[in-house]
Amino acid sequence: MIKRDKYLGQLIEKQKNGLIKVITGLRRVGKSYLLFNIYYDYLIADNVSKDQIITLSLDDDENENYRDPKALSKYVRERITDASKTYYVLLDEIQMAISEEEAAGKTNTIEIYSVLNGLSKLRNIDLYVTGSNSRFLSKDVLTEFRGRGDEIHVYPLTFSEYMGAYDGDQFSGWSEYYTYGGLPLILSQKSDEQKAAYLRNLFLETYLVDIIERNKIRNDYELESIINILASNIGTLTNPKRIADTFASEEQNRISQNTVNSYISYLEESFLINKAFRYNVKGRKYIGTPLKYYFEDVGLRNARLNFRQQEENHIMENIVYNELRFRGFNVDVGVVEVYEKASNQSKSVKVQREVDFVANQGSRRYYVQVAFDMPDKTKEEQEKASLRGINDSFKKIIVVGNPIKLKRDEDGFTTMNIWDFLLKENSLEL
């Protein structure tokens, strides 16, 4: 069994808080397993009787009738037979109870939210639901749940979680992880061919079909081409105009910026990609576009490109971004404006330097640079240049893709290898 201790801890912490625990995440990321196996087993071990745990998977054909919100409400209420006991209600893939008309905004209310709100008001119910797209969460939990929704977002396996179930050392594990990613079922595939086929089929037959059907997309060729462009340019500054221009030059076809923007939003709603905005560190303000996109799972990204573009530096940057988000940070791309004098100029000019990530969590902040390799002082100074332009006291970290020992220099910069960063829970404080 793969341990997902962070999520189990969150579920335990939120028990009986009067809110609807909404578990979101990419399809096949392990939401159902977390709820119906890990959390269920915890409840049993905590002396909760089986008749107090009500489970229902709405994506199961046998439960199709319960996609009707009224039938679902009746099913749950009929199983609450003792007012003195707490009943734990675990509902999987709740977005299956949203009709096409409701999803398209053709009605003013979505009935399943009223049902869930009503159930959550019962004093002896503790309600947990899963959903696989952000249309169910980002807009609707805040509005339709009227403050009664409490999100737990489940990510693909981190490298630390992956190594907890991987039979091998951290170096071979890293090679597997940055190639095939962290979807849990990858660990049960025995050969490279099986792993690659699993990811390719999952992308085509689950994610793409889901996006196309949900959003009534007629030209799936455009969508797939945009996915390929984003996958080929992870960690590269871009915007809808640049993507439209790339589409026109590479595909010999024209597409509007609005269409590009819509397709990107569909990919975000399915949790396939995430965007990182640029933040002016000294000016303390966000910059509009361009911005960067990263894949929630690098294995899916690699499979989309048939494992052809295996630039470990860009993939490593994507993994560091995902790790910071898993640890609960808001992550931006840092921009530092500094004055520099070029060799052929007599006076200094203002230039913009980039910090790969500015990670914020409450009053905590870390600046993180990602360097696949730093073979000499010249490369080291290039990585430190943008960090030197930041004059605050927050910690500045360089993560390197070779097994160097952790060190701190006279400027207070910390340099560590990728394995220490990912495998040590307190690595940001080392």
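None of these values were measured; they are calculated from a predicted model. Here, residue 1 is the first one in the sequence, and each next residue gets the next number.
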**Prompt:** Using 30° and 60° as the class limits, which term best fits the ring planes of Tyr207 and Phe203: parallel, tilted or perpendicular?
**Reply:** perpendicular
**Asked** Taking it one step at a time, do Glu311 and Arg301 satisfy salt bridge (charged side-chain N to carboxylate O under 4.0 Å, His left out)?
**Response** CA-CA 12 Å; Glu311 315 95 331; Arg301 176 264 178 191; 3.2 Å; yes
**Prompt:** Short question: side chain of Asp332, backbone of Arg278 - any donor-acceptor pair under 3.5 Å?
**Reply:** no
**Asked** In terms of side-chain heavy atoms, does Arg27 have a donor or acceptor partner in Thr206 at a distance below 3.5 Å?
**Response** no
**Asked** Is the gap between the ring centers of His314 and Phe372 under 6.0 Å?
**Response** no
**Request:** For this output row, return yes or no: ring centroids of Tyr39 and Tyr7 closer than 6.0 angstrom.
**Result:** no
**Asked** Can you find a heavy atom in the side chain of Glu354 that is under 4.5 Å from one in the side chain of Gln369?
**Response** no
**Item:** Asn233, Asn261, Ile264 screened by side-chain contact (heavy atoms from CB on, under 4.5 Å) with Ile243, the one that passes
**Value:** Ile264
**Item:** Pair Ser172-Asp169, side-chain donor/acceptor within less than 3.5 Å
**Value:** yes
**Message:** A cation-pi test, strictly: NZ or CZ of Lys21 under 6.0 Å from the centre of the six-membered ring of Tyr128 and no more than 45 degrees from its axis. Yes or no?
**Reply:** yes
**Item:** Side-chain donor-acceptor pair present, Glu296, His153, cut-off under 3.5 Å
**Value:** yes
**Prompt:** Taking atom types as modelled, is there a side-chain donor on Asn402 or Asp373 under 3.5 Å from an acceptor on the other?
**Reply:** yes
**Request:** Quick one: do Glu161 and Lys3 satisfy salt bridge (charged side-chain N to carboxylate O under 4.0 Å, His left out)? Show the steps, please.
**Result:** CA-CA 7 Å; Glu161 290 175 321; Lys3 293 184 177 180; over 6 Å; no
**Asked** To the nearest 0.5 Å, how far apart are CG in Leu119 and CG in Asp126?
**Response** 12.0 Å
**Fill in**
In Ile255, Thr259, Thr246, the residue satisfying side-chain contact (heavy atoms from CB on, under 4.5 Å) with Ile226 is Ile255
**Item:** Test log, rule salt bridge (charged side-chain N to carboxylate O under 4.0 Å, His left out), inputs Asp245 and Lys241
**Value:** CA-CA 6 Å; Asp245 291 342; Lys241 181 181 185 304; 3.0 Å; yes
**Residue among Arg308, Gln310, Arg200 satisfying side-chain contact (heavy atoms from CB on, under 4.5 Å) with Asn302** = Gln310
**Item:** Distance-only donor-acceptor check, side chains Gln52 and Ser49, under 3.5 Å
**Value:** yes
**Asked** Do Tyr294 and Glu317 get their side chains close enough for a donor-acceptor pair, meaning under 3.5 Å?
**Response** yes
**Item:** Pair Tyr263-Asn215, side-chain donor/acceptor within less than 3.5 Å
**Value:** no
**Asked** Taking the six-membered ring for Trp, are Phe357 and Tyr321 parallel (under 30°), tilted (30 to 60°) or perpendicular (over 60°)?
**Response** tilted
**Prompt:** Among side-chain atoms of Asn124 and Thr86, is any donor-acceptor pair under 3.5 angstrom?
**Reply:** no
